[in-house]
Amino acid sequence: MTIDSFLIMRHEILLLAILLLLIVGEIFIPENKKNSIVHLAIFLFGLHTVVGFLPIEEDSLFGGMFRTNDLIHFFKNVLTVGVLILLLISADWLQEKIVSQNRGTEFFVLMFSSLLGMYFMISAGDFLMFYLGLELSTLPVAALAAYDITKRISSESGIKLILSSALASGISLFGMSMLYATSGSIYFNHIIEVIAPSNLTLLGAILFFTGLAFKISLVPFHFWTADVYEGAPISIASYLSVISKGAAIFILMILLFTVLKPLIHAWENIVYTIAVATMFIGNLFALRQQNMKRFLAFSSIAQAGFVLLGLITGTQLGTATIVYFVLIYICSNLAAFGVVQSISLQTGKENINDYEGLYRTNPNLSLVMMLALFSLAGIPPVAGFFGKFFLFTAAASKGYYLLVFLAVINMIISLYYYLLVVRAMFLRKSDHSIPFFKNNIYMRLGLILTVIGILFLGLYSPLYDYIYELSSVFN
């Protein structure tokens, strides 16, 4: 092993260097200039994002514990871009609410530590590296969920998240131990060669899947989601909704399509049932919500159900559609959360009724929210339509026509409640409309990037072809 071989850990090494630089910056930046820590963090992470797109060779380290290939590298870049946009739309909140309490550096350290854990998790070549990455990605987010110390509901959110995560991690670890007992190895490549259907293997696979289903908010493991999203700061709710969920979906896809592929006849029935339940329960409960954070929480649950349409196939087409859909979902959901964040920061209002007449006072924000909701609903020609279309195509290619039909019904249900928000913004009038306000440069840049993603991903079809080519590594 040489120094050059460590370059395949470029994402991890650079992010760790940023963490150390921010800690040093916290020591030397004067008290009256603490706001500059936000600018420094965004600048350094922007450089990290750009460097991440440089090509990288497929290789492994530490005897196969850490591995990378073009698809893993691409997905790390997807997560990195998502976090960069999240930092941009959170900058105003950080400067006004967090830095003034002298907790700005801690916020970035916790968030980047969580992202570092996700990097290790999706590059894991064995269950030990996977579990270390899982814990590193989860524990800092629990602290961030309770970061708004002025609100009791935020502390409650952190407690609920850490308890749910602990239970999920314990269940996953128990499942891993059963898979180790039947295969005699924790390395994915070794398990693939010897795994065979048996009662103990199936139970281990089910328990392992259950643990990750908690992170993805699949029914019936979703009960923590709405409460945690409502109590956590909006930036952290959006992080849980898109970044954390995206990483969990990706590693689950890798393991189901490789390590647990011989058990597909067992887990495909489980995925089928959970997909139907997740779509219906997520959409039906979203109909009843008035708080925008709870509304988007149940929306994200329903979107996770749609992802399972690609997951159930176990094919290269399924891999490509999942990665493509998650990329679109990140742009769409961050746009919606960005508008909610902007309005909440300026006015403190977070209910759907508060958005009545928004188009007359803040037309740009209304248009961004409309594009985001149309993308989440799957209305052409925005990107969300193509994401769902490819997922339906993947499921139909394996003969799951009933599942596709049920998914279409759920698209219609979701369109109804997404249009409720659009109607409030564009068609309803209110004597107490949210007054006009102007966002700072970071928020405007973040929202512009999400809008470009929503429009660009729907129109630029060669990107899907590129993802499809990368997806051959796991099939």
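Since the structure is predicted, the reported quantities are computational estimates derived from the model, not experimental observations.
Residues L311 and I249 have side chains not in contact (no heavy-atom distance under 4.5 Å, counting atoms from C-beta outward). In this structure, the side chains of I162 and L139 come closer than 4.5 Å at one or more pairs of heavy atoms. The closest side-chain heavy-atom distance from M370 to Y359 is not below 4.5 Å. Side-chain atoms of L371 and V368, non-hydrogen and from C-beta on, never get closer than 4.5 Å to each other.
Side-chain atoms of Q341 and S235 form a donor-acceptor pair, as typed in the model, at a separation below 3.5 Å. S241 and Y329 are linked by a side-chain donor-acceptor pair at a separation below 3.5 angstrom, with hydrogens and angles left out of the test. Side chain to side chain, K245 and S300 meet the donor-acceptor criterion of an N or O pair below 3.5 Å.
Aromatic ring pairs are classed by plane angle as parallel below 30°, tilted from 30° to 60° and perpendicular above 60°; the pair F306 and F392 is tilted. Between W267 and F257, the two ring planes are parallel [angle under 30°; tilted spans 30° to 60°].
Residues F112 and F45 place their aromatic rings such that the two centres sit under 6.0 Å apart. Here the two rings, on Y464 and F390, have centers that are under 6.0 Å apart.
For F437, the CZ atom is densely surrounded, since the number of other residues' heavy atoms within 6.0 Å is greater than 12.
Residues E230 and K293 are not paired through a salt bridge, judged by the lack of any N-O separation under 4.0 Å between the basic side chain and the carboxylate.
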